[in-house]
Amino acid sequence: MGNFIVELENVSKGFPGVKALDHVSLQLRAGEVLALLGENGAGKSTLMKILSGVYTMDEGTMKIFGEMVTEMNPVAAQELGIAIIHQELNMCDHLTVAQNIFLGREVTKKGILSDAEMNQKASEILSSLSMDIDPDTVLGDLSVSKQQMVEIAKALSTNARILIMDEPTSALTSQEIDELFTIINRLKNEGCGIVYISHRLEELQHIVDRVMILRDGQYITSMDFKDTSIQEVIAHMVGREITEKFPRVNRSVGRKIFEVQHLNAGKLVKDISFSLYEGEIVGIAGLMGAGRTETTRAIFGADAKESGTIIIDGEVVEINQPIDAINAGIVLAPENRKKDGLCTKLSIKDNIALPNLDMMVNPLGIVNTKKEEEMTVKAIKNLDIRLANSDVDAESLSGGNQQKVVVGKWLARNSRVVIFDEPTRGIDVGSKVEIYNIMNALKSQGIGVIFVSSEMPEILGISDRILVMADGRITKELDIEEATQDSILAYATQFDKKIHHDIA
Amino acid sequence: MGNKDLGKKMLKVFSKRGMGQVITASVGLVVLVVVFGILNPNFFSSRNVSNLLRQIAPIILIGIGQSYVLITGNIDLSIGSVVGMSCMISATLMTKGMSPWLAVGFTYVAALAMGILNGQLVSKAKLPPFIATLGTMTIARGIAQIVNNNYNTDSIGAGAEGFRELFYYGKTAGLFNTIWIALGLWLVFNFILSKTRTGRHIYAVGSNAHAAHLSGVNIAQTVTKAYLVSAVCAATVGLIMTAISGMGTMDAGTTYELYAVAASVIGGVSTLGGQGILLGTIVGASIWGVLQNGLQFAGAPVAIRNIVIGVIVIISVLLDIVLRANNRKNKKGKAAA
Amino acid sequence: MGNKDLGKKMLKVFSKRGMGQVITASVGLVVLVVVFGILNPNFFSSRNVSNLLRQIAPIILIGIGQSYVLITGNIDLSIGSVVGMSCMISATLMTKGMSPWLAVGFTYVAALAMGILNGQLVSKAKLPPFIATLGTMTIARGIAQIVNNNYNTDSIGAGAEGFRELFYYGKTAGLFNTIWIALGLWLVFNFILSKTRTGRHIYAVGSNAHAAHLSGVNIAQTVTKAYLVSAVCAATVGLIMTAISGMGTMDAGTTYELYAVAASVIGGVSTLGGQGILLGTIVGASIWGVLQNGLQFAGAPVAIRNIVIGVIVIISVLLDIVLRANNRKNKKGKAAA
Amino acid sequence: NDTGSTNAGEPAGQATAEESFKVYLITMDQMDQHWVTVDAGAKQAAEELGNISYTWLAPDVKDDAKQIESINNAIAGGAQAILLAANGPNAVTSALREAENEGIKIIYVDSPADFPAVQTLATDNEAAGKTAGMEMLAALEAQGITEGKIGIVNVNASTSSVVARENGFRAAFEGTAFELLQTQYGEGDAARSQDIAANYITEGVVGIFGANEGSTVGAGNAIKEAGGGVVGVGFDKSDTILQLISEGQLLATMAQNPDVMGYEGMKTAVKALKGETIADELVDTGVSVIDKSSL
Ligand SMILES: Nc1ncnc2c1ncn2[C@@H]1O[C@H](COP(=O)(O)OP(=O)(O)OP(=O)(O)O)[C@@H](O)[C@H]1O
Ligand SMILES: Nc1ncnc2c1ncn2[C@@H]1O[C@H](COP(=O)(O)OP(=O)(O)OP(=O)(O)O)[C@@H](O)[C@H]1O
Ligand SMILES: [Mg+2]
Ligand SMILES: [Mg+2]
């Protein structure tokens, strides 16, 4: 192994009310993949944003390829050969794929843009990554996972020597993840240094050489991956042993409380029928784009339905708007927290109170602030949301803590059915268990839980019954006893025999 | 302990939406008042004070309306035209012999219709609010011109004296009625915004309409409500205009929508939505009114007046931004220490 | 195969940013022209056509400026005042005996300074663009008033005949110079926007400023460039105003910023940034100009004209939204089939 | 209810020669040269008379409500006399009543309101408009033109003085075969007025009337560009208008005497404050028809 190509020493960074990084050091060698691990809010993204010049550090030093760097910004980082794939998508929706890939370093001839050449080059890069994307399509027309792949292509196209990937796989399909790992291994062999951030610890074995762990903004330890175990990593991350990864609660299944019949809504929700019984968790598995999110949105009234019936406790309910669903006792924690989950400019308190105002207003619509406060305090405590006080903006929370708020705001209600869409996406192990516990608690109270997830282990670990979706249809209903990763995957790939529209 | 509690309470007040800017602006207002007080010995005469307050009242009213709309993340450019339309409709009806109070009723109905149109265009038809209300701005001005056949109306006559007293010339408890009207509406709308479900929804929609929708908020209804408040405020100002001049003027209220934005923003309401309080709107409107009054007395030509006002609009918002950044730095210092 | 390629190419052109709206708007323009042509036999007279084109030219110019700024996701409310400022500065200098061409130079310098101020306030000081340019709008109007001591200027005199010819009264190749100026600037700015790195960055900043920043785009510089283009266009219109009346008028350009927004938006430029092409701005400006001209000939009173214009602004954007939604449905349908 | 008054003016008749008077001039706005000239006249008189604290209060735009605010401000500022150019005849009456209750002397300059005052020094706008019409009619008839369309470029429909001018102008054509077209409003903006006038010319008008300075400049320039053939008559006297007349593009302009309004108005105010009797209730400050021959 070669010399260090990145040396961060004693880096500190504070945000209002939070010390995000406290004297953290990090070294990266050429040709190695370093996994940067830690709970939500540990400071991983912040550290990488400092390395790539998005944030400036409050104190500390930075050496790149042995040279001291004092002024770092996105342009300087690019020139130094540092590329970063951010945790959140950072693309221009109105520009084409090629325009996005070459943004900031456009190819020009005598000052005139050479779009043909850029399209050509983009096409080469995309196909070298086995991505079937037309470089001339407008980015906003692609699915989230395709957009994520474009972002990866963009980072790779800079021929960076130092590559940072902040949760690149959270929006990818398993096939895309495989391709990404192939690429990572190739780059590693070519001598790139890669920092890899992920909460999916099972991925690490395929690519990682070394792990480094942060907790609460502090450096905990780093070690060679082969000398450690996932169990040990988790222990370092949370500072305690996590004994049971998927706590399962057994409860006798009661009567049928919820039923969907022949639901149709757009091309990703076709003839969906299923039922839900008191005290059970139904998992919905499937590949990206299978239509799970769309199904949940259609049930909840967030998108228009074409046809279908929804029955609660034996009674048909008319749901045209989310408020109809909420009143009928159905609630949804959506998958995209920034876009659909949170009012980021409002306080945590406002966010938690928002869907529950009906429970704290008098007939004139006046809000009882005492009840509001009580509810907030309770939710913060139950979910262990870490914040300065409940009046800070939701924006300032780390990704994982934001997710907890999205889930938390629904728990104060006495709902009949709670739908979780990817509730653990981008959440650390400790918090994941907390969310599983919440689902179990709801189940114990006799509430029906629908749990959409792309992660097989948790679907298998938590659900009592699993619906598998592909191409907008339910292709199979599996009892937990008969479900395995293989059987789920088999049904999840049972596509309609039609050309995929993205390719056409 | 009581002390600590107080401190905590104070901290909460300060960290409230846009409170920082309200405080900065209030300090600015005090400075302005002091400066003008020194420049012009008449400034603090009870006559000028009550006069000044009456001049500020309409700005507060349109400011309230614009603030509501801005907080939902939209804008209402039609305010000035709705003022003109209301002025012309009420005056035309009165000159045609309708009882003033009935005319007032009709005026509010017309303004509310305009508010609903705005709300529906923005929230249902999904027009960009700038465009939708640019359109209704022109339409409402057209209506103002058409109701009396492209002429200002004649005098609304002696039968409307009571109306004129109520909206402008009369006093109650030593203060002009106009001030009471502004204060009354402010109290009502401030209460709605800060204490009721509708208010919460308005903030939520402005912060993130998607998230609000998924939390069961009816976006279209909420946005329409905000435009209705704006229309009610504009109509009230239109009626005040009729009362002031005792006739209908087609141009009444021209560019008031911009004053309204200025008052709101100087008072800390964000044009991006989700942020601001009506207390700030009062301060912003007062700064605007004091400037107009004070500069006129100071004998400043309109040119200078324009430049000073422009500079103050910019500086007031700039100051807020700088202070906020500093605040952050200070906190950082503390956190690091 | 050639056929297929062509079809594909056409499809791409159509799916280009805002192209749909440009086509819708063009159809609307044709309809308007036909209607006015039937209503008024004079409409197609060569006199009226060349006149009309000259009336549209300044709207195209301010439309270009506003489009640039809108595409970066900002807005420029100071356009009208910069027109007035440029008109007064150039005229004052000429009446004071300066050579017209030197005066033109000074005017552009002053306008550029205003553009830089706008750009810096928005991109560096991070003021909301609506507020920043509301401030500079008042300031620039104040400057327009102050340069000649609150007077409109005297006649710029016989020495400026050449200047007046060049900017307004002269013809080249059968078309008024004003039209050539608008066309020339349009070609330059259209080239910059569609073919250069600066143009690409302008779209990127408007689409997602954060992402653009992370890709190494200098946001402050890009936004400032857009405001500079807006200032250059406004200054040119100001000079045209001076040439038209042969004197400086302090009110010149009042509310032009709103015409500019209307022209841009009717032509498919999004007020939310990232979207639009300058071809649309020409169509939008033409619709605006044809309406003003045609409605006068139709003998429509101002009131009706306002209402018609307001309705057209709303309908044109509404149409685009409806068409786009339909389009999406069709696409979905096709994909499902 | 004048309880709030502290600095109200002294009742008339009590003033001595030594006393300093507080006089305000309130115009419609501050934009036109016209108002600046009124101000200059008033200022000159104030200097000549001495011992006068004189202030010009002008709203930033023509607006009834803003003019009323200015009157209120003058009252609050301790005015003893107000020289007022009323935006409209009715709008300001209530505010003026309050002023009268405070013992303030009111003198109208340029445009009176429907409220009794010490004196009105003004142009009879309707008569002046009629004169303009007669001038145009005479010029047309001299060319042998007895019918055709005539365009009117006005400011807006809400300023009474320009509306009166237009009414007078239209009255001059009563009984003739000329067709007076729908009035177009250019907000006094020279460029906008010029577009309007150019469109009129395309429509084939034989004459164009401009109701104020900006409208007249626009009309004159449009006629100039069309190469004449249209009779242009306007209002107000500015350098550009005079030049257009000397070039023969405009036939004539109705020039008022704003300096006289200001100067004499101030003198009247002081006289009234000193308790002297004012003989004339109405002083026509006159219009002079300026055409090529009178230049
Ligand atoms: N822009 C910001 N403003 C304020 N606080 C911030 C900001 N960005 C991060 N923080 C805070 O800094 C801390 C570290 O956040 P960071 O995003 O680095 O965590 P992370 O390890 O990436 O977490 P996750 O796994 O949830 O993405 C958190 O407490 C977070 O709330
Ligand atoms: N901007 C967009 N415009 C139109 N459709 C989109 C857009 N983004 C996503 N979609 C559609 O939504 C679908 C879901 O996208 P995404 O990649 O988020 O998968 P997902 O929601 O995780 O999958 P699932 O539907 O199984 O929950 C995509 O297949 C795509 O068709
Ligand atoms: Mg992170
Ligand atoms: Mg999903």
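Each chain gets a letter, A, B and so on, in the order its sequence line appears, and its residues count up from 1.
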Report summary line: Greatest number of non-hydrogen atom pairs under 4.5 angstrom with chain C, of A/Val75, A/Ile112, A/Leu113, falls to A/Leu113
Report task. Report the option among A/Glu88, A/Arg105, A/His86 that has the most heavy-atom pairs separated by less than 4.5 Å from atoms of chain C. Result -> A/His86
Report summary line: chain A shares the most heavy-atom pairs under 4.5 Å, among C/Gly216, C/Ala204, C/Gly273, with C/Ala204
Query raised in the report: Do the charged groups of C/Arg197 and A/Glu106 touch, with an N to O distance under 4.0 Å?
Result: yes
Report summary line: Sorted by chain and number, sequence neighbours left out, ring pair (Phe, Tyr, Trp, His ring centres under 6.0 Å) with A/Tyr196 holds for none
Query raised in the report: Do side-chain atoms of C/Ser207 reach the backbone of A/Asp93 as a donor and acceptor pair under 3.5 angstrom?
Result: yes
Query raised in the report: If you count heavy-atom pairs under 4.5 Å between each of A/Thr108, A/Asp115, A/Thr158, A/Asn73 and chain C, which one has the most?
Result: A/Asp115
Report task. Quick one: list whatever passes ring pair (Phe, Tyr, Trp, His ring centres under 6.0 Å) with C/Phe130, sequence neighbours left out. Result -> none
Report summary line: d(A/Leu103 CG, C/His213 NE2) to nearest 0.5 Å is 12.5 Å
Query raised in the report: Taking C-beta and beyond as the side chain, do C/Asn208 and A/His94 meet within less than 4.5 Å on heavy atoms?
Result: no
Report task. Starting at NZ of A/Lys154, measure out to CG of C/Leu214 and round the result to the nearest 0.5 Å. Result -> 8.0 Å
Query raised in the report: Any idea which of C/Ala212, C/Ala211, C/Gly206, C/Ser215 has the most non-hydrogen atom pairs under 4.5 angstrom with chain A?
Result: C/Ser215
Report summary line: Residues C/His210 and A/Asn90: closest non-hydrogen pair is CD2-OD1, 3.1 Å
Report task. Kindly check if the number of other-residue, nucleotide or ligand heavy atoms within 6.0 Å of NZ (C/Lys124) is above 12? Result -> no
